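Since the structure comes first, as structure tokens, the remarks are kept for the end.
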Amino acid sequence: MPSPGAPAPPRTSLEDSYLELLTDTLEALDLPARGQFLQRYLRAVTHLDLRESVCLQLWDEMLTRRRQLSEALNRTVSLKTALMDVLSTAGLLRVPVLIEYEELKKLQLNAFTDSLTGLYNRRMFSESLEKELNRAKRYNLPLGLIIMDMHRFKEVNDKHGHPRGDEVLRLAAITLKKALRTSDSAFRIGGDEFALILPQTDEPQAQALSRRVEQVFEESLRALQLAVVVGMDHGVANFPQDGDTVETLVRIADERLYQRKHTHHARGSEETARVATPTTHQAPSAQTTPSSERAAHPPVAPISIETKRAPEKPQEGSAAPSAPATSDIPPKSLAADKLPRAFTTPRKAERVSMTGTNAYAILGEQGERRARVLDLGFGGVALELESSEALEGNVLAILHVPILPPVRVNLKPVWSQRTDGSVRVGCTFVS
């Protein structure tokens, strides 16, 4: 029993206890099995690729060195200390660096992630795309690549400051993380540029995911109340139809991204020019845009910038606005402009068509019925049943949609339409 004034012996760490147990276990193994284990163990802890015979020799030297050091210091020396001494003396570790394991994990994490958004960085993007492309070639599977870029992001930094711009970037990263499967990967490859790698994803599925990400991101930005309408453009490339190399896929996705981006810029410039051009003898509520242009460029959300709400619907019997003095509008367009203007409440998100995909739903507690998913939105889903029997009452269903994991929902039929040999049913989600 130690005396009251004597210092307490140091407690053995978990790693040292593991090495002590490892030493006792290796003594019971024959030399070939012991050599194989030590070769893998030293490769894991030192990143040295050594032969089995060398590993056996180093292990015996380590045990001898530990015994010598313990006798010289009159205390038990850990196996880690003896192993480090043997490897350094043998010249295998030229400049050994001592670092805590937690700090090492932080360094590794910072090496391949973006500190602002938490997404993987550009270096990890290049390595992951090369690996996933090789896997797709080996197993003859499709691979989707999406490059996304924010529209008018620079104006956010100019008008609201860089802290608010960082909030927009983090919100974009959260949107991407929520939209992806566990097998997908999201990366920040530039200032406001992102990339998605989608294994086993064809072109329609990648396009559907891109549109859904843009819509959810636009909806999420409303909470920030920005004075700038920020959007997200995308470009999609797929293996094998668009190319079979990393450089080709990145180039095609980048080209399609900027084609879409320039189209949006041109459309925004035309709309800005029409708003800024004054029209003589025109009431404030008069429309000066031809009906053909209105059809080509429909308003995304008819909400007033000043009042943050939709304009009121014109009352019946109100006087028609006066026509401009000089106009090139055809007579049919003038007649169309005299019709009452109808305004609708902006939808939370557009419905995504599932046509051309293998989306389906399993209906019932026992999964006795199967239906094809026609389209999907935040509020409900449209199904097509092969039988002529319609759904009655609330129905439990499991939705299987590409890009998303299976989702268990309760459906309430609200409309149905019979066709030749099938019936189409529109359902809402019941919480």
Side-chain angles (χ1 to χ4, degrees), residues 9-114 119-141 143 182-185 187 197 199-200 245-246:
R11 298 181 61 182
T12 304
S13 64
L14 183 61
E15 292 81 2
D16 291 334
S17 300
Y18 169 75
L19 288 176
E20 294 290 347
L21 179 62
L22 178 64
T23 303
D24 297 337
T25 304
L26 290 178
E27 291 295 332
L29 298 178
D30 55 3
L31 288 181
R34 188 188 309 176
Q36 292 179 3
F37 178 84
L38 289 175
Q39 183 184 39
R40 297 175 182 176
Y41 174 74
L42 292 178
R43 183 187 298 125
V45 298
T46 65
H47 295 278
L48 295 175
D49 194 3
L50 305 174
R51 297 193 305 272
E52 294 181 9
S53 58
V54 176
C55 294
L56 289 171
Q57 180 182 355
L58 290 175
W59 186 258
D60 293 338
E61 291 181 7
M62 185 268 295
L63 295 177
T64 304
R65 188 70 52 84
R66 182 201 186 198
R67 184 173 61 255
Q68 294 173 351
L69 292 175
S70 299
E71 293 175 354
L73 298 176
N74 196 21
R75 63 179 178 84
T76 302
V77 175
S78 65
L79 288 170
K80 292 186 296 184
T81 303
L83 179 60
M84 178 65 68
D85 184 69
V86 169
L87 294 176
S88 300
T89 304
L92 298 175
L93 299 179
R94 297 180 178 85
V95 187
V97 177
L98 296 179
I99 184 173
E100 287 291 337
Y101 182 67
E102 293 297 329
E103 294 297 325
L104 177 61
K105 288 198 298 185
K106 291 180 181 179
L107 288 177
Q108 293 175 340
L109 183 64
N110 294 333
F112 56 80
T113 58
D114 174 57
L119 300 178
Y120 294 121
N121 56 20
R122 190 180 189 91
R123 173 184 176 184
M124 194 67 178
F125 167 70
S126 302
E127 297 178 1
S128 300
L129 184 57
E130 183 75 33
K131 179 182 66 176
E132 292 297 339
L133 182 58
N134 291 335
R135 182 181 303 171
K137 292 179 180 179
R138 185 182 306 117
Y139 298 106
N140 194 24
L141 296 172
L143 176 66
T182 55
S183 59
D184 303 331
S185 303
F187 308 83
I197 298 179
Q200 302 183 35
T245 64
V246 171

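Predicted, not measured: the structure shown is a model, and the values here were computed from it. What's counted below: heavy atoms across the whole structure, side chains too, no hydrogens, waters or symmetry copies.
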Revision key, fill the gap. Separation between CG (Leu48) and CG (Leu92), nearest 0.5 Å, reads 6.0 Å

Check your understanding: Is any side-chain heavy atom of Ile197 closer than 4.5 Å to a side-chain heavy atom of Asp184?
Key -> no

Review point. In Å and rounded to the nearest 0.5 Å, what is the OG to OH distance from Ser126 to Tyr120?
Key: 14.5 Å

Practice item. Using a 4.5 Å cut-off on heavy atoms from C-beta on, say whether the side chain of Thr113 contacts that of Asn121. Key: no

Exercise for review: Would you check if Met84 and Leu93 make a side-chain contact, meaning some heavy-atom pair closer than 4.5 Å?
Suggested key: yes

**Study point:** Under 3.5 Å donor-acceptor, Ser70 side chain and Val77 backbone
**Key:** yes

Exercise for review: Could you check Arg123 against Glu127 for salt bridge (Lys or Arg N to Asp or Glu O under 4.0 Å), going step by step and ending with a plain yes or no?
Suggested key: CA-CA 7 Å; Arg123 173 184 176 184; Glu127 297 178 1; 3.8 Å; yes

Exercise for review: Would you indicate whether the side-chain heavy atoms of Glu52 and Leu38 approach each other to under 4.5 Å?
Suggested key: no

Point to revise | Audit row: Gln68, Thr64, side-chain contact (heavy atoms from CB on, under 4.5 Å) steps and yes/no | key: CA-CA 6 Å; Gln68 294 173 351; Thr64 304; 3.6 Å; yes

Expected list for residues 134-141: side-chain donor-acceptor pairs under 3.5 angstrom, two or more places apart:
{"residue": "Asn134", "atom": "ND2", "partner": "Glu130", "partner atom": "O", "Å": "3.1"}
{"residue": "Lys137", "atom": "NZ", "partner": "Asp244", "partner atom": "O", "Å": "2.6"}

Review point. Taking C-beta and beyond as the side chain, do Trp59 and Val86 meet within less than 4.5 Å on heavy atoms?
Key: no

Check your understanding: Is the number of heavy atoms from other residues, nucleotides or ligands within 6.0 Å of CD (Glu61) greater than 12?
Key -> yes

Review point. Does the pair Gln39 and Leu50 meet the rule for a side-chain contact (heavy atoms from CB on, under 4.5 Å), with working shown?
Key: CA-CA 6 Å; Gln39 183 184 39; Leu50 305 174; 5.7 Å; no

Study note, to complete from the structure: Distance col, row Cys55:SG vs Tyr41:OH, nearest 0.5 angstrom, shows 12.0 Å

Check your understanding: So, does Glu132 use its side chain to make a donor-acceptor pair with the main chain of Leu143 at under 3.5 Å?
Key -> no

Review point. Say you draw a straight line from CG of Leu58 to CG of Leu63; how long is it, rounded to the nearest 0.5 Å?
Key: 11.0 Å

Check your understanding: Does Asp114 reach the side chain of Phe187, with side-chain heavy atoms less than 4.5 Å apart?
Key -> no

Point to revise | Asp85 side chain vs Arg65 backbone, donor-acceptor pair below 3.5 Å | key: no

Point to revise | Thr76 and Arg66, any side-chain heavy atoms less than 4.5 Å apart | key: yes

Review point. In Å, rounded to the nearest 0.5 Å, how long is the span from CG of Leu83 to OG of Ser88?
Key: 9.0 Å

**Study point:** Any pair counted as salt bridge (charged side-chain N to carboxylate O under 4.0 Å, His left out), so long as it reaches residues 26-45, sequence neighbours left out
**Key:** Arg43-Asp49

